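Nothing here was measured: the structure is a model prediction, and the numbers come from that model. What you see below is based on every heavy atom in this structure, not just the backbone, and it leaves out hydrogens, waters and symmetry mates.
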Amino acid sequence: QVQLVESGGGSVQAGGSLRLACVAPRSIFNNNCIGWFRQAPGKEREGVAGIRPGVGSIYYVNVNSMKGRFTVSQDNAKNTVYLQINNLKPEDTAMYYCAAFLTFGCPLDNSTNFRFWGQGTQVTVSS
């Protein structure tokens, strides 16, 4: 059973920052896209950002509300992908998940493409 593990969520005030972490098995981390998704209550899951650690390719969704505030990065020694979120807004409140896509590219527009998922980490932003 392949498992990804997220951490780093919490409750913050608007304007604050969080860094979420996703630890993946070495074989998954090296060879695939690790994507970040979020799902707010009553809303569909949406892609946020992704990275292919093996080649260093980074992907962001083209959503104005996210541009410039979300940064994805990697730590090869820890098999970890990070999602830095700055200037948090109440609308960022959601469960954040990381997931692995097991072939070429990083199709953040369709979460069903991603095979292995973590349990999620909750981000709550108060105004």
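Across all their heavy atoms, Cys106 and Gly50 have their closest contact at SG-CA, 3.9 Å. Here the shortest heavy-atom pairing between Thr93 and Val125 reads OG1-N, 2.9 Å. The shortest non-hydrogen separation linking Pro25 to Val2 is CG-CG1, 4.0 Å. Across all non-hydrogen atoms, the minimal contact from Ala100 to Ile28 is CB-CG2, 3.5 Å. What you find for Ser127 and Pro90 is that their closest heavy atoms are CB-CG, 3.9 Å. Nearest heavy-atom pair, Gly8 versus Thr121, reported as atom, atom and distance to 0.1 Å: N-OG1, 4.0 Å.
Taking CZ of Arg45 as the start and OG of Ser111 as the end, the distance is 5.5 Å to the nearest 0.5 Å. How far CD of Glu46 is from CG of Leu108: 11.0 Å, rounded to the nearest 0.5 Å. Between atom CD1 of residue Ile85 and atom CG of residue Leu20 there is a gap of 4.5 Å, rounded to the nearest 0.5 Å. In this structure, the separation between CD1 on Ile51 and OG on Ser73 is 6.5 Å, given to the nearest 0.5 Å. Rounding to the nearest 0.5 Å gives a distance of 7.5 Å between CD of Gln122 and OG of Ser11. In this structure, SG on Cys98 lies 7.5 Å from CD on Gln119, to the nearest 0.5 angstrom.
Looking only at side-chain heavy atoms (C-beta outward), Leu4 and Ile34 come within less than 4.5 Å of each other. Looking at heavy atoms from C-beta onward, Tyr96 lies out of side-chain contact with Gln39 at the 4.5 angstrom threshold. Between Ser17 and Gln84, some side-chain heavy-atom pair lies under the 4.5 Å cut-off. Pro53 is not listed as a side-chain neighbour of Asn30, based on a closest heavy-atom distance of 4.5 Å or more. Side-chain contact between Leu83 and Val48 is present, with heavy atoms from C-beta onward closer than 4.5 Å. Taking 4.5 Å as the limit, some side-chain heavy atom of Phe29 sits within range of a side-chain heavy atom of Asn76. Using a 4.5 Å heavy-atom cutoff, the side chains of Arg38 and Asp92 are in contact.
Of the possible polar contacts, one joining the Glu6 side chain to the Gly120 backbone as a donor-acceptor pair under 3.5 Å is found. Not one N or O on the side chain of Arg52 forms a donor-acceptor pair closer than 3.5 Å with the backbone of Ile58.
For Phe101 and Phe116, the gap between ring centers reaches or exceeds 6.0 Å. Aromatic pair Phe70/Trp36: ring centres not closer than 6.0 Å.
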_One pair to check against side chain to side chain contact (heavy atoms under 4.5 Å, CB included): Tyr59 and Val72. What are the steps and the verdict?_
CA-CA 8 Å; Tyr59 308 82; Val72 65; over 6 Å; no
_Worked verdict on Phe37 versus Phe114 for ring pair (Phe, Tyr, Trp, His ring centres under 6.0 Å)_ = CA-CA 10 Å; Phe37 295 83; Phe114 286 71; 4.8 Å; yes
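The environment of NZ in Lys43 is sparse: at most 12 heavy-atom neighbours from other residues, nucleotides or ligands sit within 6.0 Å.
By the side-chain hydrogen bond (donor to acceptor under 3.5 Å, both in side chains) test, Gln3 pairs with no residue at all, sequence neighbours left out.
In this model, no donor atom of one side chain and acceptor atom of the other lie less than 3.5 Å apart for Thr80 and Asp75. Side-chain N/O atoms of Arg69 and Asn87 include no donor and acceptor closer than 3.5 Å.
Criterion: ILVMFWY side-chain heavy atoms under 4.5 Å apart, direct or through other members. Under it, Met95 and Val61 are part of a common hydrophobic cluster. Grouping the Ile, Leu, Val, Met, Phe, Trp and Tyr side chains by contacts below 4.5 angstrom, directly or via other members, places Val5 apart from Tyr97.
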